[in-house]
Amino acid sequence: MGKCSGRCTLVGICCLQLAAALQRQIFDFLGYQWAPILANFLHIMVVILGIMGTIHYRSRYLILYSVWLALWVAWNAFIICFYLEVGHLSQHRDLIMNFNTSMHRSWWMENGPGCLVTPVRGPPLSLADHHMVTVTGCLLDYPYIEALSSALQIFLALFGFVYACYVSKVFMDEEDSFDFIGSYDSYGYQAPMKTSHLQLQPLYKPG
């Protein structure tokens, strides 16, 4: 019962991770954020692998899934620091998220809750350049939306890591027990046969 509940919980966590990653992938595509798009794609593939490993009792898949989750936590921690401009990071100077291919920022910059976008007259630059607009009235600025999204990813990843380690440990213990039982047959072991302590002796009648 405990093993089944652990597997079911891990599959549920993986499904939540998959839904959160797909939602995030959509908004990153809309904002042309190529680095997060690539990371999200890898994350989706590994989460699917984790679901398969949980359903089909593959401990190696779960170990790979656990290792990836550690990297995923580090990546999302970097995104939080990037958008909140921790240390020397600056989202206005460093175009890491789009590989320095355009001036696009997060999709939430102009489409956040309550945001009012006002075009700014200036030199004839690209219409897609975010420097040509001003954004006011946002209930929550886009750096905090991106940081909250990454925090949710970290929260789910931590739970997934714990349950993946637990379930993979259960799978490996079962594999070891099966190997131990099968080793008797591989070495031609046979259980000793019970012998009767009674011995039959001929009966002699006196002449």
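Side-chain atoms are counted along with the backbone in the values below, which use heavy atoms only and exclude waters and symmetry mates.
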Nearest atoms (heavy-atom pairs only) where [X] meets [Y]:
{"X": "S66", "Y": "A164", "result": "OG-CB, 3.3 Å"}
{"X": "A39", "Y": "W75", "result": "CB-NE1, 3.7 Å"}
{"X": "M97", "Y": "I79", "result": "CE-CG1, 4.0 Å"}

(message) How about CZ on F78, more than 12 heavy atoms from neighbouring residues, nucleotides or ligands closer than 6.0 Å, or not?
(response) yes
(message) Tell me whether the count of non-hydrogen atoms from other residues, nucleotides or ligands lying under 6.0 Å of CZ in F27 goes above 12.
(response) yes
(message) If hydrophobic residues (ILVMFWY) are linked whenever their side-chain heavy atoms come closer than 4.5 Å, directly or via other members, who joins L64 in its cluster?
(response) L49, Y61
(request) Supply the members, apart from L116, of the Ile/Leu/Val/Met/Phe/Trp/Tyr cluster built from side-chain contacts under 4.5 Å; use none for a lone residue. (result) none
(request) Could you tell me which residues satisfy side-chain contact (heavy atoms from CB on, under 4.5 Å) with I44, sequence neighbours excluded, listed by chain and number? (result) L18, A21, L22, I48
(message) Any non-hydrogen side-chain atom of R7 less than 4.5 Å from a side-chain atom of F171?
(response) yes
(request) For F29, check ring-ring contact (aromatic ring centres under 6.0 Å, His included) against everything at least two apart and list the hits. (result) none
(request) Using the side chain to side chain contact (heavy atoms under 4.5 Å, CB included) rule, take H43 and V47 through it: C-alpha gap first, then chi angles, then the decisive distance, then the call. (result) CA-CA 6 Å; H43 181 61; V47 170; 3.6 Å; yes
(request) Applying side chain to side chain contact (heavy atoms under 4.5 Å, CB included), run through Y32 and I37 and close with a yes or a no. (result) CA-CA 8 Å; Y32 303 97; I37 287 172; over 6 Å; no
Acceptor/donor pairs from residues 145-154 side chains to any protein atom, 3.5 angstrom cut, sequence neighbours excluded:
residue	atom	partner	partner atom	Å
E146	OE2	S106	OG	2.4
S150	OG	R24	NH2	3.0
S150	OG	E146	O	3.2
Q153	OE1	W72	NE1	3.3

(request) Sequence neighbours left out, what passes side-chain hydrogen bond (donor to acceptor under 3.5 Å, both in side chains) with N40? Give chain and number order. (result) Q25, D28
(request) Measure the spacing between CZ of F161 and CG of L69 and express it to the nearest 0.5 Å. (result) 8.0 Å
